[in-house]
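Throughout, residue positions are numbered sequentially from 1 according to the sequence presented. This is a predicted model, so every value here is computed, not measured. Read the numbers this way: they start at 1 and go in the same order the structure lists the ligands and their atoms.
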Amino acid sequence: MSSNNHFQKVKFEKLSQNRKERRRDYSCGDKFIQLKKIPSWPAFYKENSYSVSTAAHPQSLVDKFKDECRYQVDAEINEKVSVFYGDITKLEIDAIVNAANNSLLGGGGVDGAIHRAAGPFLLNECQTLNGCDTGDAKITGGYDLPARYVIHTVGPIGEKPSMLEQCYRRSMQVALENNIKTIAFPCISTGVYGYPNEKAVQLVLPVVRTMLEAHKDKFERVIFCLFLDIDKKLYNRYLPIIYPLN
Ligand code: AR6
């Protein structure tokens with residue numbers, strides 16, 4: 001086996017380890033975050049009702065959007081959604097999504113953070129994937145991340161809604177194909193790639209809801225990992241519209 005595909009052995013070993021064994025090698029040490037520490041959307045709302053309801057309060061744009069959408073309360077779907085504020089590389093879940101570029105050979109932003117935390121075998125595996133088209137998604141091991149897998153997707157540069165929608169759909173399809181039940185998304189394309197934050201959240205929340213409705217029993221949790229204050233505000237504003245509570 002050449003040193004370039006040495007990752008295969010390591011990947012196999014890691015994926016066959018139990019959680020306790022894997023924890024010994026997490027690059028973040030004991031700073032990992034377990035799923036049970038991340039409240040579902042209804043529990044999060046209860047804990048943070050002041051800031052969420054303030055964010056959701058009257059705004060012509062929100063009202064307009066609400067009128068156009070009219071989503072029904074679905075308690076089961078609501079339990080499968082979370083927001084998490086912080087670093088996606090700390091999440092001990094089945095898979096985290098990477099906002100990568102077409103080369104899949106690493107970069108800045110969340111891509112850089114994921115490669116640093118996963119270690120060099122992630123790059124070795126990515127080198128065998130022949131890149132990735134915009135809107136598509138490919139899976140690798142998670143190596144020294146607490147997440148077992150990384151699903152790499154490539155968002156559009158600028159506001160291209162059908163491409164951004166494709167990223168979320170394809171990432172969730174790849175998750176389904178790999179029996180991944182817990183998955184976290186960063187705010188794809190809204191950093192270096194310049195997709196307007198508010199336009200992104202307006203698209204992403206309904207797309208994920210549609211996927212969850214179609215595959216209710218297959219996903220345990222979809223986590224929106226928010227790194228910037230602007231996205232915290234926007235998700236707080238739009239979650240009560242797309243995922244209304246009782
Ligand atoms: N955890 C969660 N979210 C993060 C983290 C983190 N550790 N670090 C940054 N973010 P970006 P893009 C947020 O620029 O716009 C790379 O160079 C960040 O604040 O990472 O899709 C790739 O190689 C923002 O909200 O991704 C590509 O060339 C979000 O992640 C290009 O950037 C996405 O920002 C992709 O650009």
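Closest approach of C28 to P146, counting heavy atoms only: SG-CG, 3.8 Å. Between S40 and S82 the shortest heavy-atom distance is CA-OG, 3.6 Å.
When each atom of ligand 1 is checked for a heavy atom of G108 under 4.0 Å away, the hits are 16 (C), 17 (O). Within ligand 1, the atoms closer than 4.0 Å to a non-hydrogen atom of A99 are 21 (O), 22 (C), 26 (O), 35 (C), numbered from 1 in the order shown. Interface of C187 with ligand 1, defined as ligand atoms under 4.0 Å from a residue heavy atom, comprises 25 (O), 29 (C), 33 (C). Residue G107 approaches ligand 1 through these ligand atoms, each under 4.0 Å from one of its heavy atoms: 17 (O), 23 (O). In the vicinity of A113, heavy-atom distances shorter than 4.0 Å reach the ligand 1 atoms 7 (N). Interface atoms of ligand 1 facing D231, defined by a heavy-atom separation under 4.0 Å, are 25 (O). For ligand 1, the atoms closer than 4.0 angstrom to any heavy atom of C225 are 2 (C).
Closest to atom 15 (O) of ligand 1 among all protein heavy atoms lies G191 N, 2.8 Å. Residue, atom and distance of the protein heavy atom nearest to atom 31 (C) of ligand 1 are Y193 CE1, 3.6 Å. Counting protein heavy atoms only, atom 21 (O) of ligand 1 is closest to S189 N, 2.8 Å.
When L104, D111, L105 are ranked by how near their heavy atoms come to atom 22 (C) of ligand 1, first place goes to D111. Here atom 14 (O) of ligand 1 lies nearest to V192 when heavy atoms of I230, V110, V192, D87 are compared.
In this structure, K160 fails the cation-pi test against Y195, since its NZ or CZ atom is not both closer than 6.0 Å to the six-membered ring centre and inside 45 degrees of the ring normal.
Of the possible donor and acceptor atoms, one in the side chain of S189 sits under 3.5 Å from a partner among the backbone N and O of P156. One N or O on the side chain of R209 and one on the backbone of I242 form a donor-acceptor pair closer than 3.5 Å.
Taking the six-membered ring for Trp and thresholds of 30 and 60 degrees, F32 and Y26 have ring planes more than 60 degrees apart, a perpendicular arrangement.
Residue contacts with ligand 1: I88 is placed with a nitrogen or oxygen under 3.5 Å of a nitrogen or oxygen of the ligand (distance criterion only). Residue T89 places no N or O, backbone or side chain, under 3.5 Å from any N or O of ligand 1.
Counting heavy atoms of neighbouring residues, nucleotides and ligands inside a 6.0 Å radius, atom NZ of K31 does not exceed 12 of them.
Contact annotation: for T190 versus ligand 1, heavy atoms closer than 4.0 Å belong to both the backbone and the side chain. Using a 4.0 Å cut-off between heavy atoms, F227 contacts ligand 1 through its side chain alone, with no backbone atom that close.
Residues R170 and Q173 bring a donor and an acceptor atom of their side chains to less than 3.5 Å of each other.
The closest approach between any non-hydrogen atom of G86 and ligand 1 is below 4.0 Å. Under a 4.0 Å heavy-atom criterion, G155 is not in contact with ligand 1.
The ring of Y168 has its center closer than 6.0 angstrom to the ring center of F185.
From H115, atom NE2 reaches atom SG of C126 across 4.5 Å, with rounding to the nearest 0.5 Å.
Of the candidates I93, I96, V150, I96 is the only one forming a side chain to side chain contact (heavy atoms under 4.5 Å, CB included) with I88.
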